[in-house]
S.K.: 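The structure under discussion is supplied below as structure tokens; questions concerning it will follow.
So you know, we letter chains A, B, ... as the sequences are listed, proteins then strands, and number each from 1.
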There are 2 protein chains.
Amino acid sequence: MKDVISILRHCGIQPTPQRIAVVEYVLKNKSHPSADEVLSSARKRCPTVSRATVYNTLNLLVEKGLLAMQTIKEGAVVFDSNLEKHHHFIDMDTGRIYDISWDQLQVKGKEKLKEFEVTEFQVIMRGRKKKG
Amino acid sequence: MKDVISILRHCGIQPTPQRIAVVEYVLKNKSHPSADEVLSSARKRCPTVSRATVYNTLNLLVEKGLLAMQTIKEGAVVFDSNLEKHHHFIDMDTGRIYDISWDQLQVKGKEKLKEFEVTEFQVIMRGRKKKG
DNA sequence: TCTTATTTTAGACGCTGTCAAGACTTTTCG
DNA sequence: CGAAAAGTCTTGACAGCGTCTAAAATAAGA
């Protein structure tokens, strides 16, 4: 993966220590952190970073298409660095969210919905992850 | 549809004026109201009803299986009186949520997910509703 | 009626997310 | 260089969502 600084420059975002701390965490993270989790982690690297800066940076990344925002859990939006189309599985016990690659599921029938113009979709599954 | 009072009694919930106001609105409503919308509507019928009572009642209904809770829009959970399995379409312009009946879409491949035990799922689509 | 259990209420609380004002940095350019 | 401008960060305030608690109101039971 390219280094964070060049990614930011490439999008016209000035790389500052605060932003690097945020981006470093959120783009290399395969879990689905909330803004608050990003804040805590960014503070390990840059203890003075403020909540507003974290939100600003996350919103910037979403705006630039470097990060996806998902509203699939209650309480808070989560951020997803996986930019490929994919589905989601949510473990009902742990709350953990897993990506399910796009081609593992086939959804048919959308084109028959005459009243609706579907521009994006995903399957959201809930259940339990098997051990292992 | 059965009247609200007997529905509540049947579930061991004492029908009070406040609860009736909430339930009357939320169970007969095909839109997908947030708790706040339920509060406003319930107050038309029962002006003194408090926020806590609305939340308590909604949670009770969900617990008893009379109402479903959906976290598909940011900002607030919405409540869904449609107890049949179904999918959802969200209009990106208006924010309105539409139910898509279960048999209009076919999802295949879940049974091949060896690591996950899927107990429920739905397709969430976004786009624009065509005029009409 | 007196007692007890259930409900409702108001208000406080914690959390999420946004915003404005001012301080601080980095550019830009004379 | 140095000053102005532009961009960035922080603090603190704010509004909304949802939960909780203590106390008041209501209902139920003996």
S.K.: Name all residues meeting the ring pair (Phe, Tyr, Trp, His ring centres under 6.0 Å) criterion together with B:Tyr55; count only those two or more places apart in sequence or in a different chain, and write none if there are none.
M.R.: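 Counting only residues at least two positions away or on another chain, B:Tyr55 forms no ring pair (Phe, Tyr, Trp, His ring centres under 6.0 Å).
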S.K.: So which heavy atom on B:Ala68 is nearest to which on B:Leu83, and how close?
M.R.: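 Of all heavy-atom pairs spanning B:Ala68 and B:Leu83, the closest is N-CD2, 4.3 Å.
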S.K.: A:His32: what forms a side chain to side chain donor-acceptor pair (under 3.5 Å) with it, not counting sequence neighbours?
M.R.: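 Side chain to side chain donor-acceptor pair (under 3.5 Å) check on A:His32 returns A:Asp80, A:Asp99.
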S.K.: Please, which pairs that meet salt bridge (Lys or Arg N to Asp or Glu O under 4.0 Å) have at least one residue in residues 57-71 of chain B, sequence neighbours excluded?
M.R.: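 Counting only pairs at least two positions apart or across chains, no salt bridge (Lys or Arg N to Asp or Glu O under 4.0 Å) contact touches residues 57-71 of chain B.
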S.K.: Is A:Leu113 reachable from B:Phe89 through a run of I, L, V, M, F, W or Y residues, each pair having side-chain heavy atoms under 4.5 Å apart?
M.R.: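 Yes, B:Phe89 and A:Leu113 fall within the same hydrophobic cluster.
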S.K.: Output one letter per nucleotide in nucleotides 11-18 of chain C: B when a protein non-hydrogen atom lies under 4.0 Å from the base, S when only the sugar-phosphate is that close, - when neither is.
M.R.: -B---BBB
S.K.: Quick one: list whatever passes ring pair (Phe, Tyr, Trp, His ring centres under 6.0 Å) with B:Phe121, sequence neighbours left out.
M.R.: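 For B:Phe121, the residues satisfying ring pair (Phe, Tyr, Trp, His ring centres under 6.0 Å) (neighbours in sequence not counted) are B:Trp102.
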S.K.: For DNA chain D, note the earliest and the latest nucleotide, 5' to 3', having some atom under 4.0 Å of a heavy atom belonging to chain A.
M.R.: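 The protein-touched segment is D:dG7 to D:dA13.
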S.K.: Mind running a 4.0 Å heavy-atom check of residues 64-73 of chain A against DNA chain D and sending the residues that fall below it, in number order?
M.R.: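 Those residues: none at all.
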S.K.: Under a 4.0 Å heavy-atom cut-off, which of residues 9-25 of chain A touch DNA chain D?
M.R.: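 DNA chain D contact set from residues 9-25 of chain A: A:Gln14, A:Thr16, A:Gln18, A:Arg19.
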S.K.: My understanding is that only residues two or more places apart in sequence, or in another chain, count here; which of them pass side chain to side chain donor-acceptor pair (under 3.5 Å) with A:Arg43?
M.R.: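 A:Arg43 satisfies side chain to side chain donor-acceptor pair (under 3.5 Å) with no other residue.
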S.K.: Going by atom type alone, with no hydrogens or angles, which donor-acceptor pairs under 3.5 Å involve a side-chain atom of residues 6-16 of chain A and a protein atom two or more places apart or on another chain?
M.R.:
from, atom 1, to, atom 2, distance (Å)
A:Ser6, OG, A:Asp3, O, 3.0
A:Ser6, OG, A:Asp3, OD1, 2.3
A:Thr16, OG1, A:Arg19, N, 3.2

S.K.: Who are the ring pair (Phe, Tyr, Trp, His ring centres under 6.0 Å) partners of A:Tyr98, not counting sequence neighbours?
M.R.: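 Here the qualifying residues are B:Phe116.
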S.K.: Show me the pairs that pass side chain to side chain donor-acceptor pair (under 3.5 Å) and involve residues 111-123 of chain A, at least two apart or across chains.
M.R.: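 Qualifying pairs, neighbours excluded: A:Gln70-A:Gln122, A:His88-A:Gln122, A:Glu115-B:Lys129.
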